Amino acid sequence: MYTRHFDLRYPWLTLSLVVILALTAVGCGQASGTMAEKAPEASLQLDSSLLGMQTIAAGLDVPWEICWGPDDRIWFTEQNGSISRLDPTTGEKKLLLRIPEVWRHRSAGLLGMAVGKLIDNQVYVFVDFTHRHDSVITSRLVRYRLDGDTLVEARLLLEIPGNTGHNGSRVVLSPGGLLYWATGDAANLANAQNRASLNGKILRLHTDGSIPADNPDPQSPVWAMGFRNMQGLTFSATGRLYASEHGDATDDEINLLLPAGNYGWPLVEGFTHTDKEKQVQPAGSMPPLKAWTPTIAPAGMEYYGSDLIPEWTNSLLLGTLKDQSLRVLQLDARGEQISTEQVFLEKALGRIRDICVSPQGEVFLATSNRDWNPAPGFPKPQDDRIIRLAPDQRRAATVYSATAPGDPTTAQATTAQANPNPETIYNQYCASCHKPDGRGLPGSFPALKASPLVNGDPQALIHLLLKGKKQMPAFEFLSNQELSAIGSFIRSSWGNNQTAITEPTIQLSRNK
């Protein structure tokens with residue numbers, strides 16, 4: 001940093017120099033520019049605020065985590081094992097590390113990350129990634145230190161069983177400097193309620209990996225339990241901790257997390273609303289703040305406490321994968337209830353994997369359209385992207401507004417509809433895996449088009465719909481009318497030409 005000195009004996013020279021320097025600065029600003037100076041690509045109209053949308057990074061390989069660093073940069077992971085930081089003003093990217101131990105498959109890879117400056121004034125990075133050695137899959141929590149533009153001194157803090165999916169993903173630092181890690185059940189239902197297992201839990205650690213003495217069990221990192229596959233984790237301004245969680249066929253959840261809390265999975269999904277769940281729910285189980293059926297696949301989530309976008313103050317900003325939207329969940333004054341829900345950008349950007357908020361209140365979204373399960377019509381040429389949302393009165397040619405959400409307090413599984421639309425029900429429960437055209441996803445989800453099972457004995461299809469299998473949830477919670485509609489639809493679509501499945505036939509199968 002330096003100061004320019006002007007010779008006051010020649011005031012005309014001083015004025016000339018000032019003018020020249022000012023013109024030069026303006027010229028340089030126009031030549032290089034900042035992201036904020038560029039015209040918005042689209043606008044988002046709120047009640048009174050108009051937000052501009054700008055791509056600040058493109059061509060990324062599935063950014064899984066984006067977070068604001070202590071250097072006023074956006075730090076982000078890519079599923080392939082890369083950690084980078086991005087200047088949100090200029091769009092300049094810098095690769096900090098590529099982790100060769102990362103194993104990528106489906107939703108496994110380099111996932112969550114937290115960045116913070118600790119008491120020694122050093123910047124540390126904590127990442128969660130999937131590793132595979134021979135046939136053994138694990139999830140690793142590893143710490144690095146920033147040295148210039150490189151991450152060094154890898155330190156393994158914890159390693160737990162992993163799988164090709166259900167590894168959780170998120171890591172956050174609390175306002176007090178403790179580390180919280182959201183782990184998935186690793187596709188093993190027994191893990192979430194097993195206190196000896198570290199899967200399906202919120203784990204709480206010191207930043208050196210040791211266990212805080214004030215944990216519910218001072219000998220265990222487990223802080224809360226009973227989770228399936230958490231994809232979002234965020235602290236509010238008052239220190240409340242919230243998580244988003246993938247349900248199975250029903251009941252995606254938002255939870256307010258409390259120490260020693262049990263959030264029910266797999267004994268209870270969403271709110272306790274069936275006789276079976278009431279009989280088996282664990283003592284002291286905690287209900288969610290919100291649950292969605294049909295599922296929306298909630299992903300990254302960030303608390304918004306700024307006044308820059310006043311309509312969103314004191315909200316949870318949630319990205320979704322299946323629903324492909326940004327959801328704004330307004331909290332009450334105590335942060336204990338979700339009072340309203342708004343849905344934005346539905347199907348506009350594709351899958352939204354994560355969100356971060358700058359200290360000034362700007363919002364950044366990361367898309368996830370080059371991942372293992374892209375939505376129809378994606379990826380686009382620029383995918384994957386990081387997109388900035390901020391107040392901007394320059395109205396773009398494309399303007400988005402809120403779309404109508406479901407009931408903001410919905411908690412129940414679907415109920416029978418009068419004359420349900422078969423294609424609508426299929427899109428709600430089946431299309432995200434088997435795709436709207438019935439072609440499925442090779443290697444992951446089988447095609448329904450020209451499927452021997454679909455076109456064969458209807459009893460086999462009915463049994464699959466009711467009971468599910470390893471990679472498919474059971475849909476026995478649907479009514480006979482809805483199952484009849486789905487089964488008949490897939491047996492008569494995409495070139496399939498089979499007879500309908502009747503409600504009495506489904507009821508006979510239920511009774512067996």
Side-chain angles (χ1 to χ4, degrees), residues 35 38 40-42 44 53-69 73-88 90-99 102-113 127-130 165 167 169-170 231-232 244 246 296-302 317-327 344-358 362-389 398 400 432 435 441 444:
M35 302 303 294
K38 296 180 179 179
E41 300 160 15
L44 189 63
M53 300 173 56
Q54 296 168 319
T55 299
I56 64 170
L60 304 179
D61 187 9
V62 190
W64 197 282
E65 178 81 54
I66 55 173
C67 58
W68 196 266
R73 300 291 188 269
I74 294 174
W75 292 59
F76 65 94
T77 65
E78 292 172 273
Q79 196 180 354
N80 62 10
S82 299
I83 303 175
S84 304
R85 58 182 174 181
L86 170 70
D87 187 330
T90 66
E92 179 184 3
K93 299 191 295 288
K94 177 66 178 178
L95 176 66
L96 302 177
L97 181 67
R98 177 71 181 267
I99 305 174
V102 167
W103 178 68
R104 178 177 180 177
H105 178 73
R106 288 170 54 109
S107 60
L110 177 55
L111 306 177
M113 175 176 64
V127 294
D128 160 20
F129 65 83
T130 317
N167 292 311
S169 71
R170 298 300 173 186
Q231 295 285 293
S244 66
H246 282 190
I296 60 172
M301 183 170 62
E302 191 77 4
L317 307 183
L318 175 70
T320 71
L321 303 174
K322 176 182 173 183
D323 191 61
Q324 304 169 60
S325 65
L326 168 66
R327 296 195 172 220
F344 295 94
L345 301 173
E346 190 170 12
K347 307 294 190 294
L349 303 177
R351 292 155 67 86
I352 298 177
R353 176 67 64 177
D354 200 24
I355 301 170
C356 82
V357 177
S358 75
E362 297 176 333
V363 176
F364 298 86
L365 312 177
T367 68
S368 190
N369 294 319
R370 294 192 180 275
D371 64 16
W372 70 288
N373 191 22
F378 292 93
K380 303 293 188 185
Q382 281 192 297
D383 282 328
D384 273 319
R385 297 187 286 161
I386 296 176
I387 298 163
R388 172 181 176 267
L389 299 179
T398 300
Y400 298 103
S432 61
K435 306 305 174 187
L441 185 65
S444 297

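Values in this document were obtained by computation on a predicted structure and should not be read as measured data.
Within the 4.5 Å cutoff, the side chain of Val363 has heavy atoms near those of the Ile355 side chain. Looking at heavy atoms from C-beta onward, Leu441 lies in side-chain contact with Trp372 at the 4.5 angstrom threshold. Asn373 is not listed as a side-chain neighbour of Ser444, based on a closest heavy-atom distance of 4.5 Å or more. Put simply, the side chain of Phe378 does not reach to within 4.5 Å of the side chain of Ser368, judged on heavy atoms. When side chains are defined from C-beta on, Pro40 does not count as touching Met53, because their heavy atoms never get closer than 4.5 Å. Using a 4.5 Å heavy-atom cutoff, the side chains of Leu345 and Leu365 are in contact. Taking 4.5 Å as the limit, some side-chain heavy atom of Val62 sits within range of a side-chain heavy atom of Arg104.
Contact record, Ala299 with Arg353: CB-O, 3.4 Å, taken as the closest heavy-atom pair. The two residues Glu78 and Asp61 make their nearest non-hydrogen contact at OE2-N, 2.7 Å. Contact detail for Leu95 and Ile83: the closest heavy-atom pair is CD1-O, 3.6 Å. The two residues Pro88 and Met35 have their closest heavy-atom pair at O-CG, 3.4 Å. Contact record, Pro381 with Arg370: O-NH2, 3.8 Å, taken as the closest heavy-atom pair. Among all heavy-atom pairs drawn from Arg385 and Leu349, the shortest one is NH2-CD2, 3.5 Å.
We find the OG1-CE distance between Thr77 and Met113 to be 5.5 Å, quoted to the nearest 0.5 Å. The distance from the OG atom of Ser84 to the CZ atom of Arg98 is 10.0 Å, given to the nearest 0.5 Å. From Leu86, atom CG reaches atom CD1 of Ile66 across 9.5 Å, with rounding to the nearest 0.5 Å. Atoms NZ and OH, from Lys347 and Tyr400 in turn, are 13.0 Å apart once rounded to the nearest 0.5 Å. Atom-to-atom distance recorded for Phe364:CZ and Cys356:SG is 6.0 Å, nearest 0.5 angstrom. The CD1 atom of Ile74 sits 13.0 Å away from the CZ atom of Arg85 when rounded to the nearest 0.5 Å.
The salt bridge (Lys or Arg N to Asp or Glu O under 4.0 Å) check on Glu65 picks up Arg170, with sequence neighbours excluded.
In summary, of the residues considered (Asp371, Asp384, Thr320, Asp383), a side chain to side chain donor-acceptor pair (under 3.5 Å) with Arg351 occurs for Asp371 alone.
In terms of modelled atom types and a separation under 3.5 Å, the side chain of Gln382 and the main chain of Gly59 share no donor-acceptor contact. Looking only at distances, no side-chain donor or acceptor of Thr367 sits under 3.5 Å from a matching main-chain atom of Asn369.
Shown here is Glu41, whose CD atom has more than 12 heavy atoms of other residues, nucleotides or ligands within 6.0 Å.
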